[in-house]
Structures are given as C-alpha cells and as structure tokens.
Asker: 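So that we are looking at the same thing, I have put the structure below in structure tokens.
For the numbers below, each heavy atom of this structure counts, side chains included, while hydrogens, waters and symmetry mates do not. Whatever order the structure lists ligands and atoms in, that order sets their numbers, starting from 1. Every value quoted in this text rests on a predicted model; they were computed, and no experiment measured them.
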Amino acid sequence: MRNKGTNIKITVKNQTISYNDEGPNAAPVIILIHGFPFDKSMWNDQMEMLTENFRVIAYDIRGFGNSEAGTYDFTVELFVSDLLGLMDALKIEKAMLCGLSMGGYIALNAIENYPKRFIGLILCDTSCVADTPEAVEKRMVTIEKIDKYGIELFANESIKNLFSPISFVINQEKIAVVKEMILKTPVKTLSATLLALTKRKETCNKLAEIKVPVLIIVGEDDKITPPVAARQMHKNIKSSILNVIENAGHLSNIENSYEFNICLEKFLKTVRLK
Ligand code: MLT
C-alpha cells in the first residue's frame, strides 16, 4: 500500500530515506532530485502544480535533509543506485526524472545506465560535463575551508554565486530559506559530496542516445551551470526543448517559480508518457 504525505521514511539499502509522495494514485510518476547542498523542500513551489496530474516524489539524497548518510563513500553512482532502490521499494517501474544541478547529474547518469526505467527528463540548471582540473581544485579548497572556517562562511559564499542580481533585491526571503537549507547540511555530507562531484563522469557522449522527451531549463544568470552548458545539452539531445528563465540564476525553480512552472506545465502537457 502506498504511503501518501510528506517526510515519509523508507529503508533503502539499509539506510533511511525521507521522501514526500503526493498526487493521484494512478497518475504517471515524477521524481524530483534536489541540488547541492539543499534538500527536497527546494521543490515546494512546484509541488502543488505538479500534483494535479502526477504522482510526485521528492526525496532527500542520502546525507541531506532527513535522509541518513550511511557509511559508504559518496559517488554519483551511489546516488543513482539509491534512486533505483527507492523506485524499487515504492514499486515504481518507470518515472520521469526532474533534477536540478547535482540532481541533473544524477538524472543523466541514471538514464544512461537504466534507460528503460525512465519516461522523460527535466534537466534544470545542470550540465553533462565532468569537473575540469580547476573545478576539482576549487572543490578541494572548499572542503579545507569548511573544515577550517565552518559552514557559515561556506553558506555566505555559496549564496553569492547561486542567485541572480535581481534576487538580492526582490527575493530576500527565498535567499534566507536557501541559506537555512545549506546551514542544516552536516559538514560530513558537504565534504563527502564535494569529493563525489569531483569524481563524477561526464555524460555528454551519451546524450544522443536519449530517446525520451526532454525539457532543459536554465536561469539566464546561472553562473554555476550557465546557459552555454544548457545549449550544449540541447544541441545533443534530439528534439529536446530549451527554456531560458529570466530573472533567475542557478536556482531558477525558486527564483522565478512563476516562469519555471509555466515551462514545466507546457512541457508536461505536450508529452505523452508511456
Ligand atoms: C548544485 O547546485 O547541485 C551544485 O552547484 C552542483 C555543482 O557544484 O556542480
């Protein structure tokens, strides 16, 4: 029997995963995968709209939000195996994936390795490329700085890069919520995930093999995974749709949820899910 609601706990590979499960029983499933270092609540502005016609699952990646970290070293592959484990535990054979940034890295790796399990992709503010040596170096410095100076400095520096200039004027409350989300993330999770991201494999070479409907969304001011990265994926995924969101940076679903939701709704109306 399905457990409907928020903050539901389920055991996946001996770890407790926390998830929200809302929307009609028989509807197609959309799974929302958050970015780094956030949690499933980053999708709150999308839930109401999506649950009209979809069963929507938003979960906390291991170590984030209310999910346990476990003892394994974090890798994108481990996150993908958790995703598949969650789908199996919930008896979901096929789903559409919607991932933002790290959530997109997970979605791209998942569809590359388990194409039969997915009926569509929504790639938000993400990229198919692996870390450059400079990016790896930067993440290693970040790990050291978190260790030395603590999480508050990390949160403040992250915020500067996450949002578009306009958000610092009109979205102060949303910025405060995101900062709170970052501050709640355990330091161990931050370091383990930064390390995992340095090791992630590129997924660009396999984009042409993606045969399901794909929507790509990017904030026009995204400094972390900029519009050029979204255009590269759009070019390589045949018949994908690309939407650039105005007045938004890296967290386009939060900063301009109005435009973001319109794009999402339009895309979901046009796709036939099997
Ligand atoms: C994210 O939002 O998930 C991160 O910015 C991803 C990254 O650092 O590559």
Asker: Could you tell me which non-hydrogen atom of Leu264 sits nearest to which non-hydrogen atom of Gln46, and how far apart they are?
Answerer: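 Result for this residue pair: CD2-CG, 3.9 Å.
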Asker: Indicate whether any N or O donor in one side chain lies under 3.5 Å from an N or O acceptor in the other, for Ser41 and Asn44.
Answerer: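 Side chains of Ser41 and Asn44: no pair found under 3.5 Å.
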Asker: Run the numbers for me: atoms of ligand 1, each under 4.0 Å from some heavy atom of Tyr105, listed by number.
Answerer: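 Checking each atom against Tyr105, I get 6 (C), 7 (C), 9 (O).
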Asker: So does Arg117 pair up with Asp88, basic N to acidic O under 4.0 Å?
Answerer: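 Looking at Arg117 and Asp88, the cut-off is met.
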Asker: Near Ile224, which atoms of ligand 1 are under 4.0 Å from a heavy atom of that residue?
Answerer: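 Here the atoms of ligand 1 in question are 5 (O).
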Asker: Measuring from atom 4 (C) of ligand 1, which candidate in Ser158, Ser101, Gly35, Gly104 has the nearest non-hydrogen atom?
Answerer: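 Considering heavy atoms of Ser158, Ser101, Gly35, Gly104, the nearest to atom 4 (C) of ligand 1 sits in Ser101.
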Asker: Taking the six-membered ring for Trp, are Phe64 and His34 parallel (under 30°), tilted (30 to 60°) or perpendicular (over 60°)?
Answerer: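 It falls in the perpendicular class, over 60°.
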Asker: His34 near ligand 1, heavy-atom distance under 4.0 Å?
Answerer: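 In this structure, His34 fails to qualify as a contact of ligand 1 - no heavy atom is under 4.0 Å.
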Asker: How far is atom 8 (O) of ligand 1 from its nearest protein heavy atom, and which residue and atom name does that atom have?
Answerer: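 Answer, as residue, atom name and distance: Arg139 NH1, 2.9 Å.
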Asker: Can you give me the closest heavy-atom contact between Ile143 and Ser191, atom names plus distance?
Answerer: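 Minimum heavy-atom separation between Ile143 and Ser191: CD1-O, 3.7 Å.
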Asker: Does a donor on one side chain sit under 3.5 Å from an acceptor on the other, for Glu112 and Thr203?
Answerer: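 Distance-only check fails for Glu112 and Thr203.
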Asker: Between Gly103 and ligand 1, is there a nitrogen or oxygen pair with a distance under 3.5 Å?
Answerer: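 N/O-N/O distance below 3.5 Å does not exist for this pair.
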Asker: What atoms of ligand 1 come within less than 4.0 Å of a heavy atom belonging to Phe36?
Answerer: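 It comes down to these atoms of ligand 1: 1 (C), 2 (O), 3 (O), 4 (C).
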Asker: To the nearest 0.1 Å, how far is atom 2 (O) of ligand 1 from its closest protein heavy atom, and which atom is that?
Answerer: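 For this ligand atom, the closest protein heavy atom is His250 NE2, 2.8 Å.
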Asker: Met102 heavy atoms, cut-off 4.0 Å: which ligand 1 atoms fall inside?
Answerer: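 What qualifies from ligand 1 is 1 (C), 3 (O).
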Asker: Of the side chain and backbone of Arg200, name the one, both, or neither that has a heavy atom under 4.0 Å from an atom of ligand 1.
Answerer: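 The answer is neither.
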Asker: Regarding Lys40 and Ser18, is there a side-chain donor-to-acceptor distance under 3.5 Å anywhere?
Answerer: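 Yes.
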